[in-house]
Amino acid sequence: MKFDIVTIFPAMIEQPLAAGILGRAIERGTLDVKVRDLRDFTTDRHRVVDDVPYGGGPGMVLKPEPIFRALDAIEAERGRPSAVVMTSPQGTRFTQEEAQRLSRMAHIVFLCGRYEGVDERVRERATEELSIGDYVLSGGELPALVMIDAIARLVPGVVGDERSVAEDSFSRGLLDFPQYTRPARMTGSAEALKVPDVLLSGNHAEIRRWRKREALSRTLDRRPDLLTGASLDEEEQEILRELKGASHGRD
Ligand code: JBZ
């Protein structure tokens with residue numbers, strides 16, 4: 001899958017993408033990522049990318065022409081992209097469902113906003129306008145990284161073990177069960193810091209049921225909104241009924 005990211009801070013994108021699972025997928029060629037410095041698409045001596053807003057007011061606005069030229073250059077070099085995403089606080093919410101939809105595309109361009117915003121005419125070139133959430137950020141680079149990470153891990157071959165993608169909490173619609181590793185008992189610590197016995201029992205049917213119960217109980221407790229969209233098997237529905245029964249009059 002191909003990604004192009006247009007930004008005035010290429011280093012903000014390059015370093016994070018070189019690390020971890022995505023970095024390895026880029027090395028292998030499973031992902032083809034190009035970061036484009038918006039200043040390379042200016043034509044003036046000072047490589048100016050911003051200007052004052054018409055109508056007055058504080059701050060600066062990203063100029064449209066360098067962005068148009070960047071998009072034209074990307075298209076000339078790599079073909080017409082499947083999507084041009086503008087990261088923006090005015091965008092619709094980026095969710096796991098959106099990540100799934102975008103992960104089926106062959107080539108996505110991200111436009112990262114900065115300053116007080118981007119010249120409105122740039123919106124004509126965007127096929128989607130997306131936001132990662134309701135908090136104030138300085139620019140679209142971190143949102144673009146968040147979206148690329150969520151999208152790319154759904155691309156076959158990016159995550160080594162396909163099982164971890166399938167079992168990820170938001171794919172299943174439930175929060176994760178608790179994880180433990182060695183040691184089974186922390187030296188000099190209390191009973192409370194022991195790994196639950198069931199996980200040491202070797203009884204895989206019991207372990208599976210315990211994990212289901214823990215995932216359901218955490219979801220019911222912390223994110224009950226997720227349960228409306230979750231697809232539960234027979235056993236999970238039964239455990240959930242038990243948990244709901246046990247919680248009556250406890251809140
Ligand atoms: C985003 C001006 O550039 C910005 C500022 C905030 C912001 C974005 C771009 S994208 N917030 C979000 O995804 O919520």
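Just follow the structure's listing: the first ligand is 1, and inside any ligand the first atom is 1.
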Visitor: Without swapping roles, check the side chain of Arg28 against the backbone of Gly157 for a donor-acceptor pair under 3.5 Å.
Guide: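 Yes, the answer is positive, given that a donor and an acceptor are paired below the 3.5 Å cut-off.
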Visitor: With Tyr135, which residues qualify under side chain to side chain contact (heavy atoms under 4.5 Å, CB included), at least two apart?
Guide: Ile132, Leu137
Visitor: Show me the donor-acceptor pairs within less than 3.5 Å that the side chains of residues 7-24 make with the rest of the protein, sequence neighbours left out.
Guide:
residue	atom	partner	partner atom	Å
Thr7	OG1	Phe9	N	2.8
Thr7	OG1	Glu141	OE2	2.6

Visitor: Pairs of nitrogen or oxygen atoms, one from ligand 1 and one from the protein, closer than 3.5 Å: please tabulate them with distances.
Guide:
residue	atom	partner	partner atom	Å
ligand 1	3 (O)	Gly113	O	3.3
ligand 1	3 (O)	Arg114	N	3.4
ligand 1	13 (O)	Ile132	N	2.9
ligand 1	14 (O)	Ser131	OG	2.8
ligand 1	14 (O)	Gly133	O	3.4

Visitor: Check this for me, if you would: do Glu238 and Lys212 make a salt bridge, where the nitrogen-to-carboxylate-oxygen distance has to be below 4.0 angstrom?
Guide: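 Lys212 and Glu238: not salt-bridged.
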Visitor: Is it true that Arg218 and Asp176 make a salt bridge, defined as a side-chain N closer than 4.0 Å to a carboxylate O?
Guide: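 The answer is no: the pair does not qualify as a salt bridge.
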Visitor: Mind checking side-chain hydrogen bond (donor to acceptor under 3.5 Å, both in side chains) for Glu234 and listing every partner two or more places apart, or none if nothing turns up?
Guide: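 Partners of Glu234 by the side-chain hydrogen bond (donor to acceptor under 3.5 Å, both in side chains) criterion come out as none, since no residue qualifies.
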